[in-house]
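Below you'll find the structure, written out as structure tokens, and then a few comments.
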Amino acid sequence: MIRLGEGGLMDNLRNDMAQILFEEDEIQARVHELGAQITKDYADKNLLVVGILKGAIVFLADLLRSIDLKLRLDFMAVSSYGDAVESSGVVRILKDLEQSLEGKDVLIVEDIVDSGLTLKYLVQNLSSRRPNSLRVCTFLSKPARRVTDVQVDYVGFEIPDQFVVGYGLDYAERYRNLPYIGVLKQELIEG
Ligand code: 5GP
């Protein structure tokens, strides 16, 4: 098998990183743990996974395949960041769900919880649609950046106050395809 990253095929992108926080193997192991936990917790439930576009797609694709249940899947897209690295706190729905939440055990899957403002809005919005239950799973969390109180039920990794890319997370729509999580070199961040 050809292993990307070891033979140089992904070195273009790796050269843009100041630091790697989590390598692919570590991520995969943690995602499998989360999937196993969710499988246990939702064994007798009516699970609907709600993926938040676009950042959560890579995490979601791996997580889904670690959940051994007859789940349903839907997507929402909200705007929070644009091309900047600071949250505005203003959340706009760009794409809404296709199915009703009534009677469903909804699990929101996010890429990262930073200030918590996006998630707070999502939780309020989805709770009003009368789900049976509502929980949150995020790949990353930056507890030091939280400006609002919001409950997160499953967390892949907690990280310090650093802007990260990879595994679905972008900078100006780039770097989502990295199989690891890294911190960009400062000179590549505008402003
Ligand atoms: P919050 O509303 O919690 O401040 O921000 C949530 C959104 O901001 C995330 O879904 C993500 O799109 C973006 N975000 C927050 N921190 C980071 C980061 O370190 N890297 C990237 N690429 N996006 C981030």
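Both ligands and their constituent atoms are indexed starting at 1 by order of listing.
Every residue meeting the side-chain contact (heavy atoms from CB on, under 4.5 Å) condition with Gln99, not counting sequence neighbours, appears here in chain and number order: Leu48, Arg72, Asp74, Lys104. For Tyr175, there are no ring-ring contact (aromatic ring centres under 6.0 Å, His included) partners at least two apart in sequence or on another chain.
A 6.0 Å sphere centred on CG of Asp149 holds no more than 12 heavy atoms belonging to other residues, nucleotides or ligands. Heavy atoms from other residues, nucleotides or ligands lying under 6.0 Å from CG of Asp68 number 12 at most.
Using bins of under 30°, 30° to 60° and over 60° for the plane-to-plane angle, the ring pair Phe139/Phe157 lands in the perpendicular bin.
In summary, the atoms of ligand 1 found under 4.0 Å from a heavy atom of Glu110, numbered by their order in the structure, are 10 (O). Here is the list of ligand 1 atoms found below 4.0 Å of a heavy atom in Asp170: 21 (C), 22 (N). Every atom of ligand 1 with a heavy atom of Ser115 under 4.0 Å away is listed here by number and element: 1 (P), 2 (O), 3 (O), 4 (O). Each of the atoms 16 (N), 17 (C), 18 (C), 19 (O) of ligand 1 lies under 4.0 Å from some heavy atom of Lys142. Atoms of ligand 1 lying under 4.0 Å from at least one heavy atom of Gly116, given by number and element, are 1 (P), 3 (O), 4 (O). Near Thr118, meaning under 4.0 Å from any of its heavy atoms, are these atoms of ligand 1: 1 (P), 2 (O), 5 (O), 6 (C).
Annotation: Leu169 places no N or O atom under 3.5 Å from an N or O atom of ligand 1; distance criterion only. For Val164, a nitrogen or oxygen atom sits less than 3.5 Å from a nitrogen or oxygen atom of ligand 1, counting backbone and side chain alike. The shortest N or O to N or O distance between Asp111 and ligand 1 is below 3.5 Å.
The closest approach between a heavy atom of Gln162 and any atom of ligand 1 is below 4.0 Å. Using 4.0 Å as the threshold, Phe163 has a heavy atom nearer than that to some atom of ligand 1.
Side chains of Ser100 and Arg130: a donor-acceptor N/O pair is absent below 3.5 angstrom, by distance only.
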- Item | Asp105/Ser133 under side chain to side chain donor-acceptor pair (under 3.5 Å): CA gap, chis, key distance, verdict | CA-CA 5 Å; Asp105 294 293; Ser133 66; 2.6 Å; yes
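The distance from atom CD1 of Ile67 to atom CG of Leu60, rounded to the nearest 0.5 Å, is 8.0 Å.
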